[in-house]
Amino acid sequence: MSRPLLQVALDHLSLTEALKTTRVLASEVDVLEGGTILCYAEGAPRVVSTLRALYPDHIILADLKAADAGTVVARQVFEQGATWMTVICSAPYATMEAAKRVADEYDGDIQVELYGDWTFEHAQQWRKIGLTQAIYHRGRDAQAAGQKWGDEDLSKIRKLSEMGFGVSVTGGLNPEDLSLFKGIPVRCFIAGRSLSEADDPVAVAAAFHTEIERYW
Ligand code: 5RP
């Protein structure tokens with residue numbers, strides 16, 4: 001089983017603030033995520049082009065959660081150097097396929113963001129159209145409403161993995177949460193606030209790595 005990567009989600013309201021985080025954390029993480037909030041605030045192409053110019057060797061994700069206009073939207077971020085882009089799980093298959101065609105032109109990839117209602121029948125269809133990455137998400141609002149990680153989450157993540165998805169996991173993760181997912185081939189653990197709002201972000205990143213090395 002490959003070792004999960006560590007991804008920082010940059011959900012700041014300005015690039016200036018996001019870059020304060022990347023200056024401290026870029027060398028500690030594998031993936032830099034231009035978060036949905038940052039892309040709304042600053043514009044996805046600008047976010048991606050800035051990150052790519054500063055961090056040429058990192059995997060860069062544009063977390064657009066795109067629902068339509070797959071070709072146009074994907075082109076805006078892949079031509080600026082994105083490695084991955086997200087589409088929302090409720091997007092039409094045609095949108096996912098269109099985004100994937102653009103991603104393929106740039107040797108990039110599309111990730112399906114799992115929020116709300118989706119089914120394994122949908123997931124079968126995503127595999128049929130060539131998608132191989134999904135993000136299992138406990139949303140900010142769900143977390144704030146008290147939703148915890150549970151056995152149902154773990155069995156869904158396992159099943160997606162058995163279907164051939166590289167599954168990333170996110171949603172208010174702290175290092176101590178990672179043991180819950182042991183034995184599951186997680187592609188990336190994605191952390192936003194627990195890293196960027198920490199007093200010592202490097203120490204928190206090190207704690208994530210310690211847990212990853214302990215369990216994978
Ligand atoms: C919200 C997101 C976040 O980027 C992701 O959930 C990580 O953030 P945090 O660790 O702060 O919950 O995609 O839609």
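Just so you know, ligand 1 is whichever comes first in the structure, and atom 1 is the first atom listed for that ligand. Because the structure is a prediction, the values reported are computed rather than measured.
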(request) Ignoring hydrogens and angles, tell me if any N or O in the side chain of Asn174 forms a donor-acceptor pair with the backbone of Asp177 under 3.5 Å. (result)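 Side chain of Asn174 to backbone of Asp177, a donor-acceptor pair under 3.5 Å: no, none is there.
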Does ligand 1 have any atom sitting under 4.0 Å from a heavy atom of [X]?
X      : result
Arg138 : no
Ala191 : yes
Gly171 : yes

Using a 3.5 Å cut-off on N or O atoms only, is [X] in polar contact with ligand 1?
X      : result
Gly172 : yes
His137 : yes
Asp11  : yes
Glu33  : yes
Ala9   : no

(message) Considering non-hydrogen atoms of the protein only, which is the closest contact for atom 10 (O) of ligand 1, and what is the distance?
(response)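 Here the closest protein heavy atom is Gly192 N, 2.8 Å.
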(request) Starting from atom 7 (C) of ligand 1, locate the nearest protein heavy atom and write down its residue, its atom name and how far away it is, to 0.1 Å. (result) Thr170 OG1, 3.2 Å
(message) Whether the Thr86 and Lys65 side chains hold a donor-acceptor pair (N or O, under 3.5 Å, no angle test) is what I'd like checked.
(response) no
(message) For the residue pair Thr83 / Arg52, report whether a side-chain donor-acceptor contact shorter than 3.5 Å exists.
(response) yes
(message) Taking side-chain contact (heavy atoms from CB on, under 4.5 Å) as the criterion, tell me which of Ile135, Leu195, Val169 meets it with Ile190.
(response) Ile135
(request) Tell me which one of Arg193, Glu113, Gln143, Arg140 gets a heavy atom nearest to atom 12 (O) of ligand 1. (result) Arg193
(message) I need the contact type for Tyr115 against ligand 1. Using non-hydrogen atoms and a strict under-4.0 Å cut-off, is it side chain, backbone, both or neither?
(response)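 Only the side chain of Tyr115 comes within reach of ligand 1.
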(message) At under 4.0 Å between heavy atoms, is it the side chain or the backbone of Asp63 that contacts ligand 1, or both, or neither?
(response)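 The answer is the side chain of Asp63.
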(request) Could you check if a side-chain atom of His58 sits within less than 4.5 angstrom of a side-chain atom of Asp30, using non-hydrogen atoms only? (result)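 Sidechains of Asp30 and His58: no contact.
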(request) Under the salt bridge (Lys or Arg N to Asp or Glu O under 4.0 Å) rule, what do Glu162 and Lys159 come out as? Steps first, then yes or no, please. (result) CA-CA 5 Å; Glu162 286 161 10; Lys159 187 161 173 186; over 6 Å; no
(message) Centroid separation under 6.0 Å, is that true for the rings of Phe189 and Trp216?
(response)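 Distance test on ring centres: under 6.0 Å, yes.
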(request) Count the heavy atoms belonging to other residues, nucleotides or ligands that lie under 6.0 Å from OH of Tyr40, then report whether that count exceeds 12. (result) no
(message) A cation-pi test, strictly: NZ or CZ of Lys156 under 6.0 Å from the centre of the six-membered ring of Tyr136 and no more than 45 degrees from its axis. Yes or no?
(response)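 Judged by the rule, Lys156 and Tyr136 form no cation-pi pair.
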